[in-house]
Amino acid sequence: MREVFYSKAVNEALDEELSRDSSVIMIGEDIGCYGGAFGVSKGLWEKYGAERIWETPISEGSITGIAVGAAMMGMKPVLEIMFMDFVALALDQMMNSAGKLHYMYGEQVTVPMVLRTPGGAKGGYGPSHSQMLSNLFVGIPGLKVVAPSTPKQVKGLLKSAIRDPNPVVFIENKRLYPQKGEIPEGEYLLPLDKAEVLSEGTDITLISYSSMTPVCLAVKNALQPHGINLEVVDLVSLQPLDTDTIFASVRKTGRVIIVEEACLTGGVAGEVSALIAEHCLDSLEAPVIRVGAADAPIPSSLDLEKFVLPQADDIVQAVKRIREWA
Amino acid sequence: MQLSTDQLLDFYHLMVKIRSFEETLGSLFSKGLLGGTSHFCIGQEASAVGVVQGVRDTDWLVSNHRGHGHLLARRLNVYRVMAELLGRETGYCFGRGGSQHMCSMDEHFLGTNGITGGGIPIAAGAALALKCQKSDSIVVVFFGDGASNQGTFHETLNIASLWKLPIMFVCENNLYGMSNPVKRSVAGGGKVAPRAAGYAIPAQTLEGRDVELVWKATREAAERIRNGGGPELLELMTYRLCGHSKSEPRVYRTREEEDQMAKLDPLATFPKRLLELGCTQEQIDDAANSARKMVEDATQKALQDEPGDRHVALSGVFAEEEVSK
Ligand SMILES: Cc1ncc(C[n+]2csc(CCOP(=O)(O)OP(=O)(O)O)c2C)c(N)n1
Ligand SMILES: [Mg+2]
């Protein structure tokens, strides 16, 4: 094991896959000598050259289509969309092409592309640079959606995403880039469709993904001395959902809080809670509680931002409420 | 290179096949045998045949919503194209795709596309793949005057030019995007070719109803592109002698205009040209009759086929393994 930053783990995955398979190419804005807006692709352009690292003009709608077309023809494009908010411009090609082509073209083509994008707020970036838009993608058939929370996950999953024959929306997180974690030595792959129990517990299940997972782990540590034993389940994959792992934890604890950085309405947490209601009602000792962003744009002011985004204290309050159910 | 009379007769055969296919669809619609909608290319057969026959069979085609001409000009199996439109499992895409979402990788046909302007960047991506793979094939993408108002058109021309992609942009300018005339949608007089200058892409505007002219221009452009000359754009002036889709009433244009345009119908003018070039009336009739017969037989056969079952409807969303080229 060794400790690396989340951003470095992404970089290592890209580097390893670029070197392993010449059909892997990168497409994106400012991914050349600049190394990407968050420095994630640093060094790759120098190492692999402009014939593998395709730095593009600012044209999200078309570079997404270009990734689709290249993937149909046997390349494995890794597309970077600089901020997740900008996927609005890429959505047509993701929704009407990437997700549909294999099916609608009678399985004659595959679209083995990855759309990497950092979601979530980093603090003060404001309404157009802060959203977690996981909810946009989980309702589009034909797309796989993963949102890793640790350096170990992000490296193993990105390598799997690149090798997967399907389009994968790979949600990174600006707040996670500078966080450190242990990753295995040598090459490893992780499955795209599995949740991970990051910390076992007995009393209440906290389900989360991406940037909210470290927050949930911190809440667990804070409440442990008070005799509250939380289990933290990281969804990792948002489409498909690993219902086996989710349900097993719910059946163990009987109490569930689902935490996400996206808006509460129409989000992944709502989907997970509906599944729990459908399949685990007998095991529930309290209503499922969701903690997420308010249904509001994300303000620039750091002081205002914390009223909109879910905070550790919101999770603590949810734990209190769920314990009040006898 | 000159076209032989055999080739010219073959072009005519293909053009009649396309016309007859569209007319057959029209009657299937009126009999209630076809669902949804469909965009016919009646009047635009020459641009489809001239371009598709002007490139190699190994060059890749990307089409749009008005794609039956492109499909048949590439000689896809008429029966399977018809079966796809009729929603039968024997269609190219098991009936999942239909008119606007049909593909045949074996015939290097990367697909029709229901999103106006949606195929343009996909075609550039395919061209990027060919460039990475050091292939000597090129990509041809068809789109309309209306699509040239989409951002994808402008973004993709810019990128294709910067990257010198092996791609030919073919705009079939039929003077309307649905009901919207080019004079009110394409700024600067309704022509698309001048837009290419902004992206340093050579472009020409040609009479798109002249199959020989289209064929020749396509061939020449294709060779320049193949030799690394970078993208080019052909704007082919044409007119659809039918409604935008199915049998809409065409309230946005006059019957007088249509009558004028009907005089330029390539299926009316081309037989005269063939006679001038020394073909016999019998040869011309044979080319047309064999085309109509193919469509008729294909339709009868496809009508007998069964639609897919629940499994066809619900499977194939995700791939187990890569099937790309
Ligand atoms: C994104 C999108 N917008 C609108 C439509 C509806 N629509 C289908 S075809 C069409 C007109 C396209 O015009 P043009 O590109 O000139 O092609 P033509 O139909 O004339 O062949 C429109 C508006 C669509 N299919 N996709
Ligand atoms: Mg038009």
Side-chain angles (χ1 to χ4, degrees), chain A residues 22-25 27 50-52 54-77 79 89-90 92-93 95-113 141-144 163-168 192-193 239-240, chain B residues 60 62 84 91-98 100-106 109-111 113-115 117-133 135 139 141 150-160 162-163 165 312 315-325:
Chain A
S22 63
S23 66
V24 176
I25 54 173
I27 299 174
E51 271 153 38
R52 305 287 301 286
W54 292 87
E55 187 170 66
T56 73
I58 307 156
S59 306
E60 287 82 4
S62 292
I63 63 177
T64 308
I66 285 172
V68 170
M72 288 170 80
M73 294 286 282
M75 303 303 287
K76 297 197 181 70
L79 171 70
L89 292 132
D92 171 53
Q93 287 292 343
M95 179 172 113
N96 285 312
S97 304
K100 290 177 183 168
L101 291 184
H102 177 66
Y103 176 89
M104 82 184 192
Y105 284 164
E107 297 164 39
Q108 295 176 71
V109 301
T110 39
V111 187
M113 66 175 282
L143 301 181
K144 296 187 175 181
R163 296 184 198 187
D164 197 273
N166 298 286
V168 180
L192 289 176
D193 55 356
Q239 177 63 275
Chain B
W60 294 85
V62 174
E84 184 61 33
Y92 272 100
C93 306
F94 317 140
R96 291 176 184 160
Q100 299 190 75
H101 321 95
M102 200 180 319
C103 155
S104 176
M105 291 301 271
D106 287 345
F109 199 103
L110 272 169
N113 194 306
I115 302 297
I120 301 173
I122 293 179
L128 173 63
L130 294 175
K131 190 179 171 92
C132 290
Q133 293 156 356
S135 162
V139 180
V141 55
Q150 286 281 29
T152 50
F153 168 83
H154 296 273
E155 293 179 351
T156 302
L157 258 67
N158 185 46
I159 295 172
L162 287 167
W163 294 357
L165 296 180
V312 172
S315 60
V317 177
F318 288 104
E320 294 301 321
E321 60 191 49
E322 215 171 300
V323 298
S324 296
K325 183 195 91 79

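Everything numeric here is computed off the predicted structure, so don't read it as measured data.
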In terms of heavy-atom contacts, B/G151 and A/S62 come closest through O-OG, 4.4 Å
Is A/I27 close to B/L128 at the side-chain level, that is, under 4.5 Å between some pair of heavy atoms? yes
Check step by step if side-chain contact (heavy atoms from CB on, under 4.5 Å) holds for B/W163 and A/T56. CA-CA 9 Å; B/W163 294 357; A/T56 73; 3.7 Å; yes
With chain A, the option among B/I115, B/V312, B/L165, B/N113 that has the most non-hydrogen atom pairs under 4.5 Å is B/I115
Pairs of heavy atoms under 4.5 Å with chain A: top-ranked of B/G91, B/G97, B/G95, B/A126: B/A126
What's the spacing between B/E155 CD and A/L89 CG if we round to 0.5 Å? 8.0 Å
As an exercise, state the distance from CG of A/N166 to CD of B/E322, rounded to the nearest 0.5 Å. 9.5 Å
Sort B/A319 into side chain, backbone, both or neither according to what part of it lies under 4.5 angstrom from a heavy atom of chain A. both
Top residue by heavy-atom pair count (under 4.5 Å) with chain A, among B/A127, B/S104, B/A124? B/S104
Crowding at CD1, A/I58 (>12 non-hydrogen neighbours, <6.0 Å): no
Side chain proximity check, B/C93 to A/Q108, heavy atoms < 4.5 angstrom: yes
Measuring heavy-atom distances to chain A, does B/I120 have an atom under 4.5 Å in its side chain, in its backbone, in both, or in neither? neither
Pick whichever of B/N158, B/T152, B/V139 has the most heavy-atom pairs under 4.5 Å with chain A. B/T152
For B/E84, which atoms come within 4.5 Å of any heavy atom of chain A: side chain, backbone, both, or neither? neither
Search all heavy atoms of A/P141 against all heavy atoms of B/V317 and return the closest pair with its distance. C-CG1, 4.3 Å
Quick check: does any side chain N or O of A/E107 sit under 3.5 Å from a backbone N or O of B/V323, one acting as donor and the other as acceptor? no
Okay, A/Q93 and chain B: the region with an atom under 4.5 Å from a heavy atom over there is side chain
Under the side-chain contact (heavy atoms from CB on, under 4.5 Å) criterion, do A/K100 and B/H101 qualify, and how do the steps go? CA-CA 10 Å; A/K100 290 177 183 168; B/H101 321 95; over 6 Å; no
Please enumerate all residues that pass salt bridge (Lys or Arg N to Asp or Glu O under 4.0 Å) together with A/R52, with sequence neighbours excluded. none
Please enumerate all residues that pass side-chain contact (heavy atoms from CB on, under 4.5 Å) together with A/A98, with sequence neighbours excluded. A/V68, A/M94, A/V111, A/M113, A/L143, A/P167
Test item: A/W54 and B/C132 side chains (from C-beta on) under 4.5 Å apart, heavy atoms: yes
Below 4.5 Å from any heavy atom of chain B, which atoms of A/S97 appear? Answer side chain, backbone, both or neither. side chain
A/P57 vs B/I159 side-chain heavy atoms within contact, under 4.5 Å: yes
Rounded to the nearest 0.5 Å, how far apart are OG1 of B/T156 and CD1 of A/I63? 10.5 Å
Scanning both residues in full, the closest heavy-atom pair of A/M72 with B/M105 reads O-CE, 3.8 Å
When heavy-atom pairs shorter than 4.5 Å are enumerated against chain B, which of A/E51, A/R163, A/K144 gives the highest number? A/K144
When every non-hydrogen atom of B/G316 is compared with those of A/H102, the smallest separation belongs to O-CD2, 3.0 Å
